[in-house]
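The structure appears below as structure tokens.
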Amino acid sequence: MAETITLGKALNHGLRRSLEENDKVVIMGEDVGKLGGVFRITDGLQKDFGEDRVIDTPLAEAGIIGTAVGLAIRGYRPVCEIQFDGFVFPAYNQIVAQVAKMFYRSKGNVRLPIVIRIPFGGGIGAVEHHSESPEAYFAHTPGLKVVSCSNPSDAYTMIQQAITSDDPVVFFEPKRRYWEKGDVELGADLSGADPLHAARVARVGGDATLIAYGPMVRTALDAATAAAEDGRNLEVIDLRSLSPVDYETIYASVRKTGRAVVVHEAPGNIGLGAELAARISEQCFYSLEAPVLRVTGYDIPYPAARMEEEYLPDLDRVLDAVDRSFGW
Amino acid sequence: MAETITLGKALNHGLRRSLEENDKVVIMGEDVGKLGGVFRITDGLQKDFGEDRVIDTPLAEAGIIGTAVGLAIRGYRPVCEIQFDGFVFPAYNQIVAQVAKMFYRSKGNVRLPIVIRIPFGGGIGAVEHHSESPEAYFAHTPGLKVVSCSNPSDAYTMIQQAITSDDPVVFFEPKRRYWEKGDVELGADLSGADPLHAARVARVGGDATLIAYGPMVRTALDAATAAAEDGRNLEVIDLRSLSPVDYETIYASVRKTGRAVVVHEAPGNIGLGAELAARISEQCFYSLEAPVLRVTGYDIPYPAARMEEEYLPDLDRVLDAVDRSFGW
Amino acid sequence: MANGVSDVGADAPAGGFVQLLTPDGERRESVTTADGTTYSVDFTDEEYRGLYHDLVTVRRLDAEATALQRQGELGIWASLLGQEAAQVGSGRALRPQDMAFPTYREHGVLYTRGIDPIMPFGLFRGVDQGGWDANEHRFNGYTIVIGSQTLHATGYAMGVTMDGKTGTPDGEAVIAYFGDGATSQGEVNEAFVWAGVFNAPMVFFCQNNQYAISEPLERQTRIPLYRRAAGFGFPGVRIDGNDVLASYAVTRSALDNARNGQGPTLIEAYTYRMGAHTSSDDPTRYRIASEVESWKAKDPISRLRAFLTKQQMAGDEFFAAVDESAKTLALDLRERVLAMPDPQPVTMFDHVYPHGSPEVDAQRARFADYHASFEGSDH
Amino acid sequence: MANGVSDVGADAPAGGFVQLLTPDGERRESVTTADGTTYSVDFTDEEYRGLYHDLVTVRRLDAEATALQRQGELGIWASLLGQEAAQVGSGRALRPQDMAFPTYREHGVLYTRGIDPIMPFGLFRGVDQGGWDANEHRFNGYTIVIGSQTLHATGYAMGVTMDGKTGTPDGEAVIAYFGDGATSQGEVNEAFVWAGVFNAPMVFFCQNNQYAISEPLERQTRIPLYRRAAGFGFPGVRIDGNDVLASYAVTRSALDNARNGQGPTLIEAYTYRMGAHTSSDDPTRYRIASEVESWKAKDPISRLRAFLTKQQMAGDEFFAAVDESAKTLALDLRERVLAMPDPQPVTMFDHVYPHGSPEVDAQRARFADYHASFEGSDH
Ligand SMILES: Cc1ncc(C[n+]2csc(CCOP(=O)(O)OP(=O)(O)O)c2C)c(N)n1
Ligand SMILES: Cc1ncc(C[n+]2csc(CCOP(=O)(O)OP(=O)(O)O)c2C)c(N)n1
Ligand SMILES: [Mg+2]
Ligand SMILES: [Mg+2]
């Protein structure tokens, strides 16, 4: 039965279902218990599944991920919540040197089916460290899979797929979209869903390709709607998987449109957009009418809240880039 | 007086001169004292400058960088040694959330003239965590400057420039080149040197542009020599600064040659090469005869030593890419 | 080196704490801890009244900030309600040459340093991220990433030693503030390691307000926090964090030990966060009203007021005057907060690097051009 | 909870340690620590001889590895020379169901688990990075990043509790190995926090071999390391790490406490790294010969040999047989190490992800094509 629920609630449902279906699934993090997390994504889960399944941990991110590694070796499937993007760095060592590498190091003998949930991105008027987009740090790291959902339905299925997967998955949640609603088929069989690592054409169009993920998919779709009024028919691709990227879907689109604009909140320099631009430039060399353009955060620390609207890519900046592409 | 010394010794001389010229300069790290560091880069410095200037620290990288921040606030100029590339991650939180941001956070009131020295890269037959190339993790971070030297002369001047600079600098040292020799003008006035953030055309050529940094500059130069025998005249650019990158030098070269190949050891996916390819593709769109190609480490964890030769970009792989560029 | 477990007040947790002023306003002359250290204060009437003044003022300013947040004038506020004594006592114990490293909640310490209380409001309003000069104010920037500042403080304290500014009564000392939750962070424990090894002239001041957001103390430790220090080779003392006199006496003593070259001390100020973690938090989800109620009886201000009254050091007139002056300050603060200009967006490109960057400059220029292109349009 | 400072042997560091066998081979019946715990062992003659056999064997294998490294057959070797008693004693104390988390130096523990000693040689030769199944061997992969494995062990131990495998004499326990230097890492201290809070069934076994590469103990702490535990709310005991009996007795007791639900213990095994840190190290740069010499007198093997001799449990014939069997094993090891095949380069693309990745597959394919293009050429 399809229900119209928020993205946050969809994640909550997905986590609940995962806890129900496999008693090795445990949730751990700061304030995930009684409080249900600062964004209430784990609301009610400790009450229903107990303190052994939904674990309020000491305040130390390396500890959260490091003990999750041990639990995973023991056969558990930990789902770790990092409270905000900017607080993942104390755990960085455990993530890149252990989580990402243990399967390789052990020649496939030790699997770490760990999911690391990170609410990310800006737009909520927060103080420093609460609005960052650190996905490139993880996507650059072999051994990690990195995904991001953009809407309630994907949130619901993708979190379950991530938990079911034996790959370690860094799961980026677009925090400013937690409250946006959409239809979700609760209880639907996952086998019917798109695979976790498939991109999706979120809007079909022929004139140019917008590529986005997480919070920027909405922005890209809005831009496409606005562009349609000007008679430009934009295709919008929701990456969904940031590592690996589903390039075939992208190439097919760009070969069709001849123009591509990548949008993300993270600083541009060596961001995901750089890789996309580099690949598209190489693989669609003879199809491109204009260089791949990027609309991203600037190469500065995330600014104070009262400037973030000007920092974040928005509809206008996306349309401006589309214009520039056509003006090439 | 020019002397022919190794890159490692050049760094040692540069550090020594920095300690002499400014008594606020302190060196800190694991084993930097009596041992002179595991690569002997700080050899003899504690003996000559004392335990207060060359500090053997407890074994904790976050502690090294975190206390360096405090020392910098106090007016010191800490030069921190991270023993190997793969051991910088426990300090990642301090580096990206504190070192990179304090100047911004304080509206320019608090400067952190910290240098973080990291021997990086592979090719020395080491065990896991001792051969990594984590530069993209830092270059993607606004607020940090990131450089890498490729030869003894640059090593000598760049380390001094980095220490003199008030910007926080992550200084990547090509460990497999520590023992390679070159002429160094010891005691030369730094004002005559190339600025820290300028790239350098290491070899002039007109047919294609090879872009490299750190350990791969030697490889690129060797490839250029080999290509010359085949009648191809390659230009080689030594980036020197990885963030910011001196793009003007690169664009000028690529506009001239029409072809570019970027070489680095780090995994390709969202590596520095991605950004270079993206920028060149955009800025030299009408000059490029072929897409920018990349020769990089694979997107896998750094492999066991007996496979590293096949993992690392070498002369053949560079030449192969040059061939592919011409074959486009 | 022994832990400072003191005689047990009626309201003390198991293991006791140093208390010089009971919740009823009874003054204990002095307290001697198990390791033989005697703590006391020797204040003039004027000084006692000064402390009261501070406590009331910082609470009033805090209340104003809470109100401003509710009215949408601040993005968020981290209230110190209930922790005034810990902050004012320790803050007043600092000598001018000392350096403080706060978290995001030390508005009371900031006030005792004589700093304009508006200083951190840019951060909470979202117009900047602090933006002050740590050295000018002898007060570091607010640090949001839990625990990181303890290492900064330790490094700074190492610098004090290297500068030869310890070993005498007018040496310098450093204080690092952090919460009960922070004690679990690796970085904080590394700061303990460093401080021990380098005998750093510093005081680790932990305000144990019983919660790290929703998590009660037992999620961070199974023994009292002050005992952590012994494991690293320096003394730990627990104080009644709601007693401004104990906070002053023990902090002053620890700072003086530090400046005299005797190394670090950990102080656990046993207190309670009476309000929400921040304005974004809903504490009813994780704690019961009766708990909060029971802590009201230990209020830091009412006990000092009772003491002043009993000792006839102050009467209604004084109390009213203090309230009035606090109110004036608060309303002035409010006005100035409301008047804070929004930053020019283009300033977000400032102060990325001391020596600048061609890349940032180029982005700034493109940003300016882009926005100029909207001039006159309805954007 | 009190720290286990025991009676002081002639060669004990200040504060004492648990010693059941003196350097001269004198047996103490039992040792009772300050907290009232009595440690002893109750071995048969055969078991004593077995311990001797283990000690000699692991030393001999280690020597063979050192030689292999010198001959260029290993890229690096981390020798356990001097630490045999700490490793064999604690390793033998493990019950089959227990799980061990080593660093890179626990070849002796590995041997006592009944694992083929060649297992870690792939790593040191550079043909792989370990590559074994942690659960199959109840022995985790060697961990090179200092301290990280202590958190893994703690999480694993939490899982043991969650599985209901504690609280009985045949419950499971977990042991984490680490060095003196590791105690400074934040992650190790976080493991202490976690273990305390979750009452994890585990033993933290710190081999204090006096050095972290070149840095002596005082760069990590100003008090004995075993005392760290008290700050986190669990017991810490120091043992004579060169005494295999003390190592066995105290580890066995701590493991049994853990499996019985009594939570974690920290054991500091006071020992000495007789060789270089690794084969890449040059210890003459940072320590004097006389120090090494003084530790030779405390050798873990010679004291057990003296004991066996005095007790007439063994004679020359036995000792010769042990040497012979160790030598045979070592030569067999050598042969098998030399026979280790180099890995096929293309296998570097294996085991990146359990579910694979189209990207890695594509790179593998291009790699194979590229290398095939050289076939027949002189590349
Ligand atoms: C590294 C990190 N992780 C998580 C957070 C989110 N966070 C902010 S305050 C807080 C609780 C802090 O508790 P405590 O140290 O007791 O200080 P208090 O707020 O109670 O004063 C948390 C988890 C953070 N700021 N930094
Ligand atoms: C995080 C990290 N930093 C640095 C190193 C380099 N390193 C390898 S061993 C070692 C010293 C370890 O000392 P200790 O913990 O005492 O163990 P020991 O080698 O003496 O057994 C260092 C610094 C590392 N492996 N990991
Ligand atoms: Mg708290
Ligand atoms: Mg050691």
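Below, chains carry the letters A, B, ... as their sequence lines are ordered, and counting in each starts from 1. Scope of the values below: all heavy atoms of this structure, side chains included, with no hydrogens, waters or symmetry mates. Quantities reported herein were computed from a predicted structural model and do not represent experimental measurements.
Only the side chain of Ile76(C) comes within less than 4.5 Å of a heavy atom in chain A; its backbone stays farther off. Heavy atoms of Tyr370(C) lying under 4.5 Å from chain A belong exclusively to its side chain. Looking at Glu308(A), neither its backbone nor its side chain comes within 4.5 Å of chain C, counting heavy atoms on both sides. Heavy atoms closer than 4.5 Å to chain A are found in the side chain of Asp281(C), but not in its backbone. Heavy-atom distances place no part of Gln46(A) under 4.5 Å from chain C, backbone and side chain included. Phe87(A) touches chain C through its side chain: at least one heavy atom from C-beta onward sits under 4.5 Å away, while N, CA, C and O do not. Contact of Glu187(C) with chain A is not made at all, since no heavy-atom distance falls under 4.5 Å. For Glu309(A), no part lies under 4.5 angstrom from a heavy atom of chain C. Of the two parts of Phe89(A), neither the backbone nor the side chain holds a non-hydrogen atom closer than 4.5 Å to a non-hydrogen atom of chain C.
Within residues 272-279 of chain C, no residue has any heavy atom less than 4.5 Å from a heavy atom of chain A. Along residues 119-127 of chain C, the residues that come nearer than 4.5 angstrom to chain A, judged on non-hydrogen atoms, are Leu123(C), Arg125(C), Gly126(C), Val127(C) in order of number.
When the candidates Tyr353(C), Tyr286(C), Phe367(C) are compared by the number of heavy-atom contacts under 4.5 Å with chain A, Phe367(C) comes out ahead. Of the listed residues (Ala304(A), Gly86(A), Gly125(A)), the greatest number of heavy-atom pairs within a distance under 4.5 Å of chain C belongs to Ala304(A). In terms of non-hydrogen atom pairs under 4.5 Å with chain A, the most contact-rich of Asp128(C), Asp180(C), Val145(C), Thr183(C) is Val145(C).
Residues Arg40(A) and Asp282(C) approach most closely at NH2-CB, 3.9 Å, considering heavy atoms. Annotation for Arg306(A) and Pro343(C): closest pair CB-CD, 3.9 Å, computed over non-hydrogen atoms.
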Exercise for the section: Report the C-alpha separation of Asp316(A) and Phe374(C) in whole Å, then their side-chain angles, then the decisive distance to 0.1 Å, and conclude whether the side chain to side chain contact (heavy atoms under 4.5 Å, CB included) test is met. Expected result: CA-CA 10 Å; Asp316(A) 287 324; Phe374(C) 290 126; 4.1 Å; yes

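When side chains are defined from C-beta on, Gln344(C) does not count as touching Met307(A), because their heavy atoms never get closer than 4.5 Å. Side-chain contact check for Glu30(A) versus Ile213(C): every heavy-atom pair is 4.5 Å or farther apart.
A donor-acceptor distance shorter than 3.5 angstrom exists from the side chain of Gln129(C) to the backbone of Tyr302(A), with no hydrogens or angles considered. Without hydrogens or angle criteria, Gln220(C) side chain to Pro58(A) main chain gives no donor-acceptor distance under 3.5 Å.
Going from atom CE of Met348(C) over to atom CD1 of Ile300(A) covers 5.5 Å, rounded to the nearest 0.5 Å. Taking CG from Asp56(A) and CD from Glu218(C), the interatomic distance works out to 10.5 Å, rounded to the nearest 0.5 Å. Here the CG-OG distance, from Asp320(A) to Ser373(C), works out to 6.5 Å after rounding to the nearest 0.5 Å. Atom CD of Glu310(A) and atom CZ of Phe349(C) lie 10.0 Å apart (nearest 0.5 Å). Between Glu215(C) atom CD and Lys34(A) atom NZ the span is 11.0 Å, to the nearest 0.5 Å.
A donor and an acceptor atom, one from each side chain of Asn269(A) and Glu359(C), are nowhere located under 3.5 Å apart.
In this structure, Arg285(C) pairs ionically with Asp43(A), as a charged nitrogen and a carboxylate oxygen lie closer than 4.0 Å.
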